[in-house]
Amino acid sequence: MNILDRIIVDKKQEVVLKKSIIPVSQLEASVFFGKKTISLSNNLRNSNSGIIAEHKRRSPSKAEINYGFTVEEVVKGYESAGACGISVLTDGKYFGGSLDDLLLARASVNIPLLRKEFIVDEYQILEAKAHGADLILLIAAVLTREEIKSLSEFAKSLGLEVLLEVHNQEELEKSIMPTLDMIGVNNRNLKTFEVSLDFSKQLANQIPDEFVKVSESGISSVNAINELKPYGYKGFLIGENFMKTNNAGKAATEFIEKLEVRS
């Protein structure tokens, strides 16, 4: 069993436990349920940088990245740096995140927030909305076409945007449907953790133009982004590159300034 399979087994059990103690009605009573969401896809279409900056304390591939910042410090730094949106890891066991991180991020900034999570159930989408997310991530590698369809339709019914993550052509072909807003190519193979920008380049022309193209993982330089832009990518998800420094917001500011100078 690879790491992704293990995460999904644990996640399904986690959802069962959460459902047993927090009813849907409690999630729906959240102040955020009536709040209009902010569109990340629009921000990316109209941006020179396209940076989606991530709050991530650790990962299965890197162990600890950074536990030294508060969520507020990181996300406010990202917002002032000019990020188009912020990705917040909410998985606890493998990434050291929580839904509280999402809530604190929402209290701190007014730019789009992605709940970065291994979503396998509509309940997690309700949680995302209840904790202030503007969009969710669906990972094609762990979902069937029918599941992607039902989960994306449910997200759209709550006013949330959907970023669908793929890693190869087979995942992309099974996933294309009108209820998606953005399609992200993960440059990291979630089964082996190998990283290469070639994954984004190879899939670029297979992604229909109506979806905003996002490249995820392994982006550590302005050159990498300038390499990907000619392939039609408008969004670039960067986490570890900022979080591993002693000031994530400052690192993001310097990166975006360099990027805009060279664009």
Side-chain angles (χ1 to χ4, degrees), residues 8 11-45 52-56 70-72 74-76 78-79 83-93 95-139 142-143 146-165 177-184 211-212 214 235 237:
I8 296 305
K11 194 57 59 180
K12 287 179 176 175
Q13 182 59 23
E14 182 185 302
V15 172
V16 169
L17 291 171
K18 283 186 167 184
K19 280 181 171 178
S20 72
I21 52 166
I22 301 175
V24 167
S25 58
Q26 188 174 323
L27 296 173
E28 290 175 337
S30 160
V31 292
F32 295 115
F33 247 79
K35 177 186 166 290
K36 193 173 183 334
T37 50
I38 313 163
S39 170
L40 177 62
S41 62
N42 283 348
N43 280 10
L44 293 175
R45 281 191 182 98
I52 306 162
E54 190 159 80
H55 179 272
K56 176 164 72 171
T70 66
V71 174
E72 182 187 14
V74 173
V75 299
K76 282 190 167 174
Y78 285 161
E79 184 178 42
C84 290
I86 297 171
S87 166
V88 181
L89 261 300
T90 61
D91 173 77
K93 181 175 177 180
F95 291 88
S98 73
L99 280 164
D100 278 350
D101 290 344
L102 185 57
L103 204 56
L104 292 168
R106 180 75 292 155
S108 304
V109 298
N110 289 304
I111 58 175
L113 294 180
L114 164 68
R115 181 185 187 188
K116 183 88 173 284
E117 181 57 272
F118 298 86
I119 289 179
V120 292
D121 193 286
E122 286 182 0
Y123 184 84
Q124 293 163 289
I125 301 174
L126 290 167
E127 286 181 322
K129 179 72 174 173
H131 289 78
D134 298 289
L135 66 151
I136 59 154
L137 177 75
L138 296 178
I139 301 172
V142 301
L143 299 167
E146 291 67 34
E147 287 167 336
I148 293 166
K149 184 173 186 292
S150 65
L151 292 169
S152 59
E153 285 174 353
F154 186 67
K156 299 300 277 185
S157 76
L158 297 177
L160 297 169
E161 287 194 321
V162 179
L163 168 62
L164 187 281
E165 175 180 303
M177 57 188 73
T179 42
L180 309 176
D181 300 281
M182 293 152 278
I183 293 180
F211 304 109
V212 176
V214 178
L237 195 147

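Here the structure is a predicted model, which means the values were calculated and not measured.
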- [ ] Heavy atoms only: give me the nearest Leu114-Leu137 pair and the separation to one decimal.
- [x] CD1-N, 3.6 Å
Open item on the list: Quick one, Glu127 and Gln124 - any side-chain contact, counting heavy atoms below 4.5 Å?
Closed with: yes
- [ ] May I ask you to decide if Gly159's main-chain N or O and Thr37's side chain share a donor-acceptor pair within less than 3.5 Å?
- [x] yes
Task: Over 12 non-hydrogen atoms of neighbours within 6.0 angstrom of NZ in Lys149 - done: no
Open item on the list: Within the structure provided, determine whether Phe211 and Leu180 are in side-chain contact (heavy-atom separation under 4.5 Å).
Closed with: yes
Open item on the list: Going by side-chain contact (heavy atoms from CB on, under 4.5 Å), Val109 matches just one of Ile86, Val74, Val71. Which one?
Closed with: Ile86
Task: By side-chain hydrogen bond (donor to acceptor under 3.5 Å, both in side chains) - contacts of Lys12 (at least two apart) - done: none
Open item on the list: As an exercise, state the distance from CZ of Phe154 to NZ of Lys129, rounded to the nearest 0.5 Å.
Closed with: 11.0 Å
Open item on the list: Which heavy atom of Ile119 sits nearest to which heavy atom of Leu143, and what is that distance?
Closed with: O-CD2, 3.6 Å
- [ ] Give, for atom CG of Leu102 and atom NZ of Lys116, the distance between the pair rounded to the nearest 0.5 Å.
- [x] 13.5 Å
Task: Under the side-chain hydrogen bond (donor to acceptor under 3.5 Å, both in side chains) test, residues paired with Lys35 that sit two or more places apart - done: none
Open item on the list: For the CE atom of Met177 and the CD1 atom of Ile183, what is their distance to the nearest 0.5 Å?
Closed with: 9.5 Å
Task: Non-neighbouring partners of Glu79 that pass side-chain hydrogen bond (donor to acceptor under 3.5 Å, both in side chains), sequence neighbours left out - done: none
- [ ] Kindly indicate whether the side chain of Val142, heavy atoms from C-beta on, has any atom under 4.5 Å from the side chain of Phe118.
- [x] no
Open item on the list: Can you confirm whether Leu138 sits close enough to Ser152 that some side-chain heavy atom of one is under 4.5 Å from a side-chain heavy atom of the other?
Closed with: yes
Open item on the list: Any non-hydrogen side-chain atom of Leu40 less than 4.5 Å from a side-chain atom of Met182?
Closed with: yes
Scan the side chains in residues 23-30 for donor-acceptor partners under 3.5 Å anywhere in the protein, sequence neighbours excluded, and list what turns up.
residue	atom	partner	partner atom	Å
Ser30	OG	Phe32	N	3.0
Ser30	OG	Ala130	O	2.7

Open item on the list: For Leu113 versus Gly132, what's the shortest heavy-atom pair and its separation?
Closed with: CD1-O, 4.1 Å
TODO: Mind running side chain to side chain contact (heavy atoms under 4.5 Å, CB included) on Leu158 and Leu126 for me, showing each step along the way?
DONE: CA-CA 8 Å; Leu158 297 177; Leu126 290 167; 4.0 Å; yes
Task: Contact summary for Ile22 and Tyr123, nearest pair of heavy atoms - done: O-OH, 2.6 Å
Task: Expected output: side-chain Asn43 to main-chain Cys84 donor-acceptor under 3.5 Å - done: yes
- [ ] May I ask you to test the Glu54-Leu237 pair for a side-chain heavy-atom distance under 4.5 Å?
- [x] yes
Open item on the list: So does Val120 get a backbone contact from the side chain of Lys11, meaning a donor-acceptor N/O pair under 3.5 Å?
Closed with: no
Task: Pairs flagged by salt bridge (Lys or Arg N to Asp or Glu O under 4.0 Å) wherever residues 101-110 is involved - sequence neighbours left out - done: Arg57-Asp101, Arg106-Asp134
- [ ] Could you give me the CA-CA distance, side-chain angles and deciding distance for Ser39 and Glu161, then say whether side chain to side chain donor-acceptor pair (under 3.5 Å) is met?
- [x] CA-CA 7 Å; Ser39 170; Glu161 287 194 321; 2.9 Å; yes
Task: Rounded distance (nearest 0.5 Å) linking atom OH of Tyr78 with atom CD1 of Ile111 - done: 10.5 Å
TODO: Starting at CD1 of Ile139, measure out to CD of Glu165 and round the result to the nearest 0.5 Å.
DONE: 5.0 Å
Open item on the list: I need the minimum non-hydrogen distance between Ala133 and Leu160, along with the two atoms involved.
Closed with: O-CD2, 3.2 Å
- [ ] For residues Glu72 and Leu104, determine if any side-chain heavy atom of one lies less than 4.5 Å from a side-chain heavy atom of the other.
- [x] no
- [ ] Under the side-chain hydrogen bond (donor to acceptor under 3.5 Å, both in side chains) rule, collect the residues that match up with Thr90, sequence neighbours excluded.
- [x] Arg115, Glu117
TODO: First locate atom NZ of Lys56, then atom OG of Ser87, and finally report the distance between them rounded to the nearest 0.5 Å.
DONE: 8.5 Å
Task: From CA spacing to verdict: side chain to side chain contact (heavy atoms under 4.5 Å, CB included), Val214, Leu163 - done: CA-CA 9 Å; Val214 178; Leu163 168 62; 4.1 Å; yes
Task: Side chains of Lys18 and Leu99 in contact at under 4.5 Å (non-hydrogen atoms) - done: yes
Open item on the list: If you compare all heavy atoms of Gly235 against all heavy atoms of Leu44, which two are closest, and at what distance to 0.1 Å?
Closed with: CA-CD2, 3.9 Å
- [ ] Run the numbers on Lys156 and Asp181 for salt bridge (Lys or Arg N to Asp or Glu O under 4.0 Å), then give the verdict.
- [x] CA-CA 10 Å; Lys156 299 300 277 185; Asp181 300 281; 2.8 Å; yes
